[in-house]
Amino acid sequence: MDFALTEEQTAIFDMAHAFGQEHIAPHARSWEAEGTIPKEIWPQLAELGFGGLYVSEESGGSGLTRLDATLVFEALSMACPSVAAFLSIHNMCAKMIDAFGSDEMKARVLPDVLTMKTVLSYCLTEPGSGSDAAALKTRAERTNDGYTLNGTKAFISGGGYSDAYVCMVRTSDDGANGVSTVYVEDGTPGLSFGGLEDKMGWRSQPTAQVQFDDCRIPAENLVGEEGRGFRYAMMGLDGGRLNISACSLGAAQTALSATLDYMGERKAFGQSIDQFQGLQFRLADMEIQLQAARTFLRQAAWKLDQGAPDATKFCAMAKKFVTEAGSRVVDQCLQLHGGYGYLADYGIEKLVRDLRVHQILEGTNEIMRVIVARDMLKNR
Ligand SMILES: Cc1cc2nc3c(=O)[nH]c(=O)nc-3n(C[C@H](O)[C@H](O)[C@H](O)COP(=O)(O)OP(=O)(O)OC[C@H]3O[C@@H](n4cnc5c(N)ncnc54)[C@H](O)[C@@H]3O)c2cc1C
């Protein structure tokens with residue numbers, strides 16, 4: 001067993017970190033205020049191979065492992081978790097197309113996806129179905145030359161901003177087996193968007209409803225086989241859960257490093273506040289939580305890379321553990337900054353807001369426990 005990163009993995013982390021610090025961190029607050037991420041950033045990230053991190057090399061992707069990808073998200077989220085998480089969603093969709101799309105679809109779609117000329121959104125949630133995703137109602141009726149879509153997707157990251165939407169839709173009434181995945185390009189007649197949601201965090205990312213009104217797509221835009229879309233969506237989520245955990249980890253690490261510095265400078269009762277043993281213990285506790293989270297996350301990623309039978313359970317466990325550890329740590333870091341932690345200039349309050357949603361999306365942390373408990377009961 002070797003816990004060390006390879007030289008190549010260290011280089012991947014360093015490259016992502018350097019890019020984030022130079023091109024993302026200085027703008028993170030203004031992008032948040034503007035409520036959008038300038039589209040020019042995506043092709044720059046794609047030049048580093050981040051437009052198809054774990055898309056196979058045969059398809060033109062970077063062919064990285066899921067463990068490698070977590071390093072990219074950990075490093076980028078040190079600059080801004082909202083931007084890093086948006087890139088995760090694009091990559092989740094890109095991998096679904098690579099893994100399940102036809103050769104024709106891959107040849108047609110992937111080149112622009114990999115350069116991020118085409119930015120992708122993932123559309124599973126609906127106003128009436130979130131955790132119970134298989135209850136989705138958006139219909140895709142078969143026509144002579146394709147499908148006609150009707151329905152609404154809710155909470156879509158990149159809704160009205162992305163160039164194409166990977167959508168889970170109902171092609172029959174057979175529960176989860178009646179769900180298919182389709183690819184819908186921006187500009188398709190019948191595709192429209194709700195107003196921008198006003199949110200607590202992830203404010204640089206546009207979030208909106210995606211609406212289909214007799215939206216007609218060609219048959220070639222079916223991803224993979226009819227009736228298998230729910231499985232595709234869930235497979236995408238295993239890796240998505242690792243990425244979102246990595247985003248919590250990187251952001252929390254940044255907050256902890258800033259707090260360590262701040263505590264050396266801030267004085268109270270005649271000494272710097274890092275001299276109070278009660279506060280030193282809190283620093284130590286945060287370090288322990290983040291190191292444990294990192295080790296657990298990388299083990300789960302390794303399991304997914306190995307195709308281990310318990311990979312889904314480990315991804316779920318890691319997602320719950322790491323996102324909660326990340327939120328606890330940034331909240332404590334805010335506390336240790338005193339009143340200054342509450343001010344936007346110190347950069348901590350944004351992280352508290354950004355990380356909160358990581359406990360809700362990609363499956364809530366309650367659903368993560370449902371997955372773990374089901375597995376335990378099945379295997380006892
Ligand atoms: C900012 C943001 C961005 C998002 N981006 C996307 C996106 O790009 N694409 C996408 O498809 N979706 C996206 N989502 C949606 C997100 O995945 C859902 O909000 C999430 O899955 C929860 O669904 P829900 O909101 O309908 O909550 P519900 O499913 O209604 O859950 C409500 C509460 O009940 C709990 N609960 C539900 N079922 C159970 C159960 N069986 N056992 C125990 N507890 C249970 C939940 O954990 C939660 O606490 C986004 C959400 C947000 C907030």
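Atoms within a ligand are numbered from 1 in the order they appear, just like the ligands themselves. Quick note: residue numbers are just sequence positions, from 1.
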Residue and atom name of the nearest protein heavy atom (relative to [atom]), distance in Å to one decimal:
{"atom": "atom 20 (C) of ligand 1", "result": "Ile360 O, 3.6 Å"}
{"atom": "atom 42 (N) of ligand 1", "result": "Val370 CG2, 3.8 Å"}
{"atom": "atom 7 (C) of ligand 1", "result": "Phe155 O, 3.4 Å"}
{"atom": "atom 40 (C) of ligand 1", "result": "Ile367 CD1, 3.9 Å"}
{"atom": "atom 22 (C) of ligand 1", "result": "Thr364 CG2, 3.7 Å"}
{"atom": "atom 2 (C) of ligand 1", "result": "Leu361 CD2, 3.6 Å"}
{"atom": "atom 10 (C) of ligand 1", "result": "Thr125 OG1, 3.3 Å"}
{"atom": "atom 23 (O) of ligand 1", "result": "Gly130 CA, 3.3 Å"}

Have a look at ligand 1 and work out which part of Asn365, if any, has a heavy atom under 4.0 Å from it: side chain, backbone, both or neither.
neither
For ligand 1, which part of Lys153 has a heavy atom less than 4.0 Å away: the side chain, the backbone, both, or neither?
neither
Run the salt-bridge test on Asp198 and Arg203 with the 4.0 Å N-O cut-off and return the result as yes or no.
yes
Pair Arg353 + Glu32, salt bridge at N-O below 4.0 Å
yes
Any idea which heavy atoms bring [X] and [Y] closest together, and the distance?
{"X": "Leu304", "Y": "Leu242", "answer": "CD2-CD1, 3.7 Å"}
{"X": "Arg139", "Y": "Asp173", "answer": "NH1-OD1, 3.0 Å"}
{"X": "Thr171", "Y": "Val179", "answer": "OG1-C, 4.4 Å"}
{"X": "Ser272", "Y": "Met263", "answer": "CB-O, 3.6 Å"}

Using a distance threshold of 4.0 Å (strictly less than), state whether [atom] has a protein heavy-atom neighbour.
{"atom": "atom 34 (O) of ligand 1", "value": "no"}
{"atom": "atom 51 (C) of ligand 1", "value": "yes"}
{"atom": "atom 30 (O) of ligand 1", "value": "no"}

Tell me whether Arg216 forms a cation-pi arrangement with Tyr147, defined as NZ or CZ under 6.0 Å from the six-membered ring centre and within 45 degrees of its axis.
no
Which of Trp42, Trp202, Tyr122 passes ring-ring contact (aromatic ring centres under 6.0 Å, His included) with Phe86? Answer is Trp42
Distance flag, aromatic centroids of Phe314 and Trp302, threshold under 6.0 Å
no
Less than 6.0 angstrom separating the ring centers of Tyr165 and Phe212, yes or no?
no
How far apart are the C-alpha atoms of Gln9 and Arg298, what are their side-chain angles, what is the distance that settles it, and do they pass the side chain to side chain contact (heavy atoms under 4.5 Å, CB included) test?
CA-CA 12 Å; Gln9 286 171 325; Arg298 291 181 183 170; over 6 Å; no
Side chain or backbone, does Trp202 bring an N or O within less than 3.5 Å of an N or O on ligand 1?
no
Under 3.5 Å, N or O to N or O, is Ser157 touching ligand 1 that way?
yes
Compare Cys123, Ser131, Ser129, Ala135 and give the one whose heavy atom is closest to atom 36 (N) of ligand 1.
Ser131
Ligand-residue contact atoms, ligand 1 with Lys199, heavy atoms, under 4.0 Å
1 (C)
